[in-house]
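Just below is one structure, and these are the notes that go with it.
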Amino acid sequence: MPTTLSQTELLRELDQVVVGELDRHEKVAKEWFPHEYVPWSEGRNFDGRMGGEQWTESDSEVSEVARSALIVNLLTEDNLPSYHYEIATTFGRDAAWGEWVHRWTAEEGRHAIAMRDYMLVKRMVDPVELERFRMKHMSEGYALPQSGELMDSLAYVSFQELATRVSHRNTGKLTRDPMCEDLLTRIALDENLHMIFYRNLMNAALEISPDQAMVSILNVVKSFEMPGTGIPGFQRKAVEMAVEGIYDLRQHKDDVLAPVLRFWKVFELEGLSAEGEAARTELSEFLETLEKQALRFEDKRDMLKARMAPR
Ligand SMILES: [Fe+2]
Ligand SMILES: [Fe+2]
């Protein structure tokens, strides 16, 4: 019979792992300052109370899709209060778990601060539209797909932090603005450390309760969605971002799912129960389907690009 641990048992079992991971994280995470990444002297007043100039599209040379990606990435960071609520209620705020929840929140808070400062100083986006989007997005709030489920949440955030890292990195490149790329690379580094923290915790969970963990991984991989889904015009923006290669199915499968699954040795684990085996088989079938979808998308994108290329 597979053992299924309750949330409380699982929290307790993982307690010492959190202590260790927190310690490791604090040693490797380097302090950094958002203000050092922003070219303040390039900024100027906007219209309204300051009597400056209204934003126009020609204020920035950044492409339309890079602008969309910046907005999606920033709004995703902006929604931090909802994420904090989710992980604080799932992990609790006691001892090491609580310490991590607060530390992680503080680090994440820096991301939106730095990005907004940069984007406004460089007039990359319409500040009025941005603020209205932020209000709308945050007013809707956000709940994790498997809200409140500890094991599922650990699997989800492992993938999600890595996905965010990929998205920030590629958005930085697409802006063709070296300073912006610098900033987004710095943020991506934070996301990577967050991924490592959660990935290691989930790894320990796989050792403690492998069948349960396997089912969670399957659930999460099958239903994975980025937390930006509620952003106004998200679907269109996500398609544009996929076409530009900022975040597409190929990257999702090969650069986000694959390395984490490999680290967990999901396909090498031995001694699973029938339930665990069934979940693993379904996971492997799902990845095959994803591969086919990625290939199909790449074909379509190639055709689209060929059609749009100047003759
Ligand atoms: Fe972040
Ligand atoms: Fe993060």
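Just follow the structure's listing: the first ligand is 1, and inside any ligand the first atom is 1. Note that these values count all heavy atoms, side chains included, but never hydrogens, waters or copies made by symmetry.
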(message) Using the ring-ring contact (aromatic ring centres under 6.0 Å, His included) criterion, which residues pair with Tyr118? Sequence neighbours excluded.
(response) none

(request) Apply salt bridge (charged side-chain N to carboxylate O under 4.0 Å, His left out) to the pair Arg103 and Glu99, showing each step before the final yes or no. (result) CA-CA 6 Å; Arg103 166 80 193 225; Glu99 222 180 291; over 6 Å; no

(message) Assess whether a salt bridge exists between Arg186 and Asp182, defined as any Lys/Arg side-chain N lying under 4.0 Å from an Asp/Glu carboxylate O.
(response) no

(message) Just to verify, what does Thr164 make a side-chain hydrogen bond (donor to acceptor under 3.5 Å, both in side chains) with, not counting sequence neighbours?
(response) Gln160

(message) Once side-chain hydrogen bond (donor to acceptor under 3.5 Å, both in side chains) is applied, do any residues pair with Glu298, and if so which ones, sequence neighbours excluded?
(response) Arg250

(request) Sort by chain and number the protein N/O/S atoms found under 2.8 Å from the Fe ion (ligand 1). (result)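 Counting only protein N, O or S atoms under 2.8 Å from the Fe ion (ligand 1), the list reads Glu77 OE1, Glu77 OE2, Glu108 OE1, His111 ND1, Glu191 OE2.
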
(request) Answer yes or no for Arg123 and Phe46: cation-pi contact, defined as NZ/CZ to six-membered ring centre under 6.0 Å and angle to ring axis within 45°. (result) yes

